[in-house]
Engineer: 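Can you keep this structure in mind? I'll have questions shortly.
Nothing fancy with the numbering, it's 1 onward along the sequence.
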Amino acid sequence: MDLPTRPRNTVAGFEPVALFFTAGWDFIVELQAGWSVIHYSANMAKRRITQETFDSVVRENVEEFDMEESEALKEAIEQFESQGVDLSNIVKAVPKASSEATTDDQTHEVLQALQSLRSTLESSSMSVLESLKLFTEQCSLGFAQRYLAAQKDAYPTLLSCCKAAGEDNKVLSATLAALSVLTDGQPDLLDAEGQGFLIDTLRSHQEDPALTCLGIRTVRHCCLKHEQNRQGLVKAGVLNLLTSAITRHIERPEVVKEACSALRVMTFDDDVRVPFGQAHEHAKMIVLEHNGLKVIVEAAKAHPENITVLSELCATLSRLAVRNEFCQDIVDLGGLKFMMTLLADSLDCQDLVKQVLSALRAIAGNDDVKDGIVNAGGAELIVMAVNRHMSNAQVCEQGCAALCMLALRKPSNCTIIMDSGGALAALQAMKTHQAEVNVQKQSCMLLRNLVSRTSDFNQTILEMGAEALIGQALASHRDCSDVAKAALRDLGCQVELRELWTGKKGSLSN
């Protein structure tokens with residue numbers, strides 16, 4: 001396979017001397033200036049280079065082609081992107097010389113900040129707080145800065161800061177702030193020592209809301225898309241620390257929001273490197289062992305006017321409603337009444353509406369709760385919310401999904417949904433968001449549930465133009481095939497239902 005060629009310069013700005021493959025679909029290229037690795041994914045979709053390779057091309061553009069720094073940088077970016085190189089982990093800036101450095105010793109500002117931090121640690125300087133702040137600011141600029149710092153051993157440096165902090169809460173707080181930023185998008189950095197430090201910090205500073213908040217934020221960053229970290233921290237007791245933090249600091253919105261967000265992350269199954277996660281088990285543990293539903297509902301009642309906190313709380317509730325009895329428990333704790341009031345009072349708040357609809361969708365998995373939602377006027381409110389935010393695909397998706405759950409196995413609920421304009425809202429959502437597969441799927445499922453147990457609404461829905469819209473979804477989105485065909489079938493439309501397998505010996509294509 002040929003390497004992509006640059007119009008003027010070669011890869012990394014040097015002629016390749018040798019080229020060979022490694023396991024994992026990497027290319028290692030021997031350049032005149034040394035070895036460089038260009039990473040390829042298994043499907044060859046992404047190529048990556050090192051920061052040093054990128055910087056050398058920028059420097060070459062300046063020194064050999066007499067370009068201005070800004071022009072040299074732009075040229076390097078365009079050349080690598082034209083070759084399909086992923087630059088998301090590259091600091092797109094010209095290295096600068098620090099105040100003590102010579103012109104031959106230039107480096108990026110985030111690395112200068114890291115070196116300054118190391119120097120203050122070695123000298124036990126009182127300026128460690130200032131160095132930590134500067135490093136945190138540099139890492140906050142973007143993932144590329146964080147990635148570069150991590151490549152230069154920033155993580156063990158920060159752990160050393162943690163040990164050096166001792167009882168100095170100011171230094172500990174500044175170090176946690178830096179650690180939370182560094183691990184954002186880089187959960188693999190966390191090791192056993194780091195896990196122990198986070199758990200010990202949360203336990204020993206439970207009364208300090210600022211430190212608690214920073215510690216929890218670091219936990220959340222380390223658990224996103226990392227199943228091993230989630231399981232390790234859960235075994236170490238993090239769930240109890242998170243729920244206790246909400247109860248202990250229930251009046252502090254920043255702690256409640258951060259702790260709820262971390263609890264929600266513990267129920268994710270987003271690590272593609274593991275075939276099976278513990279998302280369901282973690283959700284059950286939060287509810288059964290740590291009284292999570294009551295903790296969250298009580299926190300919601302404590303912040304009736306804080307839209308950001310309420311959105312986070314509703315999102316977390318929807319992740320915990322994983323069993324039939326949990327859905328009923330939320331109602332018994334006053335959660336349904338609270339959500340109905342919240343939805344009615346906050347119809348104009350798009351983000352909050354989306355999260356409330358998601359929570360209603362989740363608890364409507366219980367048939368008794370379905371009736372409770374409808375009897376409380378939930379169907380009408382959901383339709384109003386969808387119509388109010390018709391331009392937002394996520395609100396339409398969650399609204400149609402919630403109505404779909406309310407209609408499932410409940411003909412009486414279907415009548416109320418139809419009378420409220422639910423079918424018309426779903427069809428309008430399909431028309432508005434033709435490219436959004438999830439909106440199309442949920443709308444098709446809703447229309448199918450409305451007529452699956454009675455044909456009374458078939459003609460009405462067809463007269464609204466349902467057949468054409470469902471047919472369009474069927475033609476445009478492969479993932480809609482099953483639900484779209486089911487909707488057409490139950491509406492009495494002509495649809496080709498192909499029997500792929502009859503249980504008899506023979507080819508699947510027959």
Engineer: Extract all donor-acceptor atom pairs below 3.5 Å that involve side chains of residues 280-293 and protein atoms in other chains or at least two apart in sequence.
Structural biologist:
{"unit_1": "Glu281", "atom_1": "OE2", "unit_2": "Lys284", "atom_2": "NZ", "d": "3.4"}
{"unit_1": "His282", "atom_1": "ND1", "unit_2": "Met266", "atom_2": "O", "d": "2.9"}

Engineer: Show me the donor-acceptor pairs, under 3.5 Å and distance only, between side chains in residues 375-386 and residues at least two apart or in other chains.
Structural biologist:
{"unit_1": "Asn375", "atom_1": "ND2", "unit_2": "Asp371", "atom_2": "O", "d": "3.0"}

Engineer: Run the numbers on His303 and Val256 for side-chain contact (heavy atoms from CB on, under 4.5 Å), then give the verdict.
Structural biologist: CA-CA 10 Å; His303 298 276; Val256 172; 4.0 Å; yes
Engineer: Mind checking what makes side chain to side chain donor-acceptor pair (under 3.5 Å) contact with Gln51, not counting sequence neighbours?
Structural biologist: Asp55, His108
Engineer: State, to 0.1 Å, how close Val274 and Glu227 come at their nearest heavy-atom pair, and which atoms those are.
Structural biologist: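 Looks like CG2-CB, 3.7 Å.
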Engineer: Might you point out which heavy atoms bring Pro253 and Asn306 nearest each other, and give the distance in Å?
Structural biologist: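 It is CB-ND2, 3.5 Å.
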Engineer: My understanding is that only residues two or more places apart in sequence, or in another chain, count here; which of them pass salt bridge (Lys or Arg N to Asp or Glu O under 4.0 Å) with Lys257?
Structural biologist: none
Engineer: Determine the minimum heavy-atom distance between Gly422 and Leu446, stating which atoms define it.
Structural biologist: O-CD2, 4.1 Å
Engineer: Answer whether the closest heavy-atom distance between the side chains of Cys444 and Met430 falls below 4.5 Å.
Structural biologist: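 Side-chain contact under 4.5 Å: yes.
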Engineer: With a 4.0 Å cut-off on N to O distance, would you call Lys410 and Asp367 a salt bridge?
Structural biologist: no
Engineer: Pick out which of Cys161, Ser180, Ser160 makes a side chain to side chain contact (heavy atoms under 4.5 Å, CB included) with Thr175.
Structural biologist: Cys161
Engineer: Do Leu190 and Thr183 have side chains that approach each other closer than 4.5 Å (heavy atoms only, starting at C-beta)?
Structural biologist: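 With C-beta onward as the side chain, the pair stays apart.
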Engineer: Enumerate, atom names and distances included, each donor-acceptor pair closer than 3.5 Å involving a side-chain atom of residues 149-159, sequence neighbours excluded.
Structural biologist:
{"unit_1": "Lys152", "atom_1": "NZ", "unit_2": "Glu52", "atom_2": "OE2", "d": "3.0"}
{"unit_1": "Tyr155", "atom_1": "OH", "unit_2": "Asp191", "atom_2": "N", "d": "3.3"}
{"unit_1": "Tyr155", "atom_1": "OH", "unit_2": "Asp191", "atom_2": "OD1", "d": "2.8"}
{"unit_1": "Thr157", "atom_1": "OG1", "unit_2": "Arg118", "atom_2": "NE", "d": "3.1"}
{"unit_1": "Thr157", "atom_1": "OG1", "unit_2": "Arg118", "atom_2": "NH2", "d": "3.4"}
{"unit_1": "Thr157", "atom_1": "OG1", "unit_2": "Asp153", "atom_2": "O", "d": "3.0"}

Engineer: Return the minimal non-hydrogen interatomic distance between Asn392 and Val395, and the atom names on each side.
Structural biologist: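 For Asn392 and Val395, the tightest heavy-atom pair comes out as OD1-N, 2.8 Å.
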Engineer: Please list all pairs meeting salt bridge (Lys or Arg N to Asp or Glu O under 4.0 Å) that have one or both residues in residues 294-303, counting only residues at least two apart or in different chains.
Structural biologist: Glu298-Lys301
Engineer: Locate the shortest heavy-atom distance separating Cys327 from Asn366; write the atom from each residue and the value.
Structural biologist: CB-CB, 3.7 Å
Engineer: Any side-chain heavy-atom pair from Leu189 and Leu179 closer than 4.5 angstrom?
Structural biologist: no
Engineer: Any heavy-atom pair between the side chains of His433 and Glu397 that's under 4.5 Å?
Structural biologist: no
Engineer: Suppose the criterion is salt bridge (Lys or Arg N to Asp or Glu O under 4.0 Å): which pairs have a residue in residues 155-169, not counting sequence neighbours?
Structural biologist: Lys163-Glu193
Engineer: The criterion is side chain to side chain donor-acceptor pair (under 3.5 Å); which residues satisfy it with Gln350, sequence neighbours excluded?
Structural biologist: none
Engineer: Could you tell me if the side chain of Leu357 sits less than 4.5 Å from the side chain of Val353, heavy atoms only?
Structural biologist: yes
Engineer: Kindly compute the distance separating CD (Gln145) from CG (Leu111), expressed to the nearest 0.5 Å.
Structural biologist: 9.5 Å
Engineer: Which value, rounded to the nearest 0.5 Å, describes the distance between Asn324 atom CG and Asp368 atom CG?
Structural biologist: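 Interatomic distance, Asn324 CG to Asp368 CG, rounded to 0.5 Å: 8.0 Å.
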Engineer: With sequence neighbours left out, write down each residue that passes salt bridge (Lys or Arg N to Asp or Glu O under 4.0 Å) with Arg252, or none if nothing qualifies.
Structural biologist: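 Expected list: Glu254.
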Engineer: I'd like to know whether Arg146 forms a side chain to side chain donor-acceptor pair (under 3.5 Å) with Gln186, so could you lay out the CA-CA distance, the side-chain angles of the two residues, the decisive distance to 0.1 Å, and finally the verdict.
Structural biologist: CA-CA 8 Å; Arg146 298 194 289 275; Gln186 302 188 103; over 6 Å; no
Engineer: Verify, without hydrogens or angle tests, whether Ser358 (side chain) and Lys354 (backbone) share a donor-acceptor contact under 3.5 angstrom.
Structural biologist: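 The answer is no, because no donor-acceptor pair under 3.5 Å joins these two groups.
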Engineer: Is the backbone N or O of Leu347 less than 3.5 Å from a side-chain atom of His389, with the two atoms forming a donor-acceptor pair by type?
Structural biologist: yes
Engineer: For residues Val128 and Leu117, determine if any side-chain heavy atom of one lies less than 4.5 Å from a side-chain heavy atom of the other.
Structural biologist: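 Side-chain contact under 4.5 Å: yes.
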Engineer: Between Glu207 and Arg248, does a salt bridge (charged side-chain N to carboxylate O under 4.0 Å, His left out) hold up when you go through it step by step?
Structural biologist: CA-CA 8 Å; Glu207 301 301 326; Arg248 181 173 286 104; 3.1 Å; yes
Engineer: With a 3.5 Å distance limit and no angle check, can you tell me whether Glu436 reaches the backbone of Cys396 through a side-chain donor-acceptor pair?
Structural biologist: no
Engineer: Just list the side-chain donor-acceptor pairs under 3.5 Å for residues 332-345, sequence neighbours left out, or say none.
Structural biologist:
{"unit_1": "Asp332", "atom_1": "OD1", "unit_2": "Gln328", "atom_2": "NE2", "d": "3.1"}
{"unit_1": "Thr341", "atom_1": "OG1", "unit_2": "Lys337", "atom_2": "O", "d": "3.0"}

Engineer: Side chain to side chain donor-acceptor pair (under 3.5 Å): which pairs involve residues 263-277, sequence neighbours left out?
Structural biologist: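 For residues 263-277: Asp188-Arg273, Arg230-Asp270, Arg264-Glu312, Thr267-Arg319, Asp271-Arg273.
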Engineer: Between Ile199 and Val219, does the side-chain contact (heavy atoms from CB on, under 4.5 Å) criterion hold? Intermediate values first, please.
Structural biologist: CA-CA 9 Å; Ile199 294 296; Val219 165; 6.0 Å; no
Engineer: Keeping Gln112 on the side-chain end and Thr107 on the backbone end, is there a donor-acceptor pair under 3.5 Å?
Structural biologist: yes
Engineer: For Val437 and Cys480, what are the C-alpha separation, side-chain angles and deciding distance, and is it a side-chain contact (heavy atoms from CB on, under 4.5 Å)?
Structural biologist: CA-CA 7 Å; Val437 62; Cys480 283; 4.0 Å; yes
Engineer: Do Ile90 and Ile49 have side chains that approach each other closer than 4.5 Å (heavy atoms only, starting at C-beta)?
Structural biologist: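 Yes; the side chains approach each other to less than 4.5 Å.
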Engineer: Just verifying a value: how many Å separate Met445 CE and Leu403 CG, rounded to the nearest 0.5 Å?
Structural biologist: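 Interatomic distance, Met445 CE to Leu403 CG, rounded to 0.5 Å: 12.5 Å.
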Engineer: Measure across Gly237 and Arg203 and return the closest heavy-atom pair with its distance rounded to 0.1 Å.
Structural biologist: CA-NH2, 4.4 Å
Engineer: What's the spacing between Leu352 CG and Leu313 CG if we round to 0.5 Å?
Structural biologist: 10.0 Å
Engineer: Under a 3.5 Å distance rule, please check whether Ser127 uses its side chain to pair with a backbone N or O of Glu130 as donor and acceptor.
Structural biologist: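 Between the backbone of Glu130 and the side chain of Ser127 there is no qualifying donor-acceptor contact (under 3.5 Å).
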Engineer: Measure the spacing between NE2 of His221 and CG of Asn229 and express it to the nearest 0.5 Å.
Structural biologist: 13.0 Å
Engineer: Pairs under 3.5 angstrom only: tabulate donor-acceptor contacts from the side chains of residues 132-141 to other protein residues two or more places apart or in another chain.
Structural biologist:
{"unit_1": "Thr136", "atom_1": "OG1", "unit_2": "Leu132", "atom_2": "O", "d": "2.8"}
{"unit_1": "Ser140", "atom_1": "OG", "unit_2": "Thr136", "atom_2": "O", "d": "2.7"}

Engineer: Under a 4.5 Å cut-off applied to non-hydrogen side-chain atoms, are Leu87 and Lys92 in contact?
Structural biologist: yes
Engineer: Taking atom CD1 of Ile373 and atom CG of Leu360, what is their separation to the nearest 0.5 Å?
Structural biologist: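 Answer rounded to 0.5 Å: 5.0 Å.
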Engineer: Does the His205 side chain pair with the main chain of Asp200, one donor and one acceptor, at a distance under 3.5 Å?
Structural biologist: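 Checked: no pair found.
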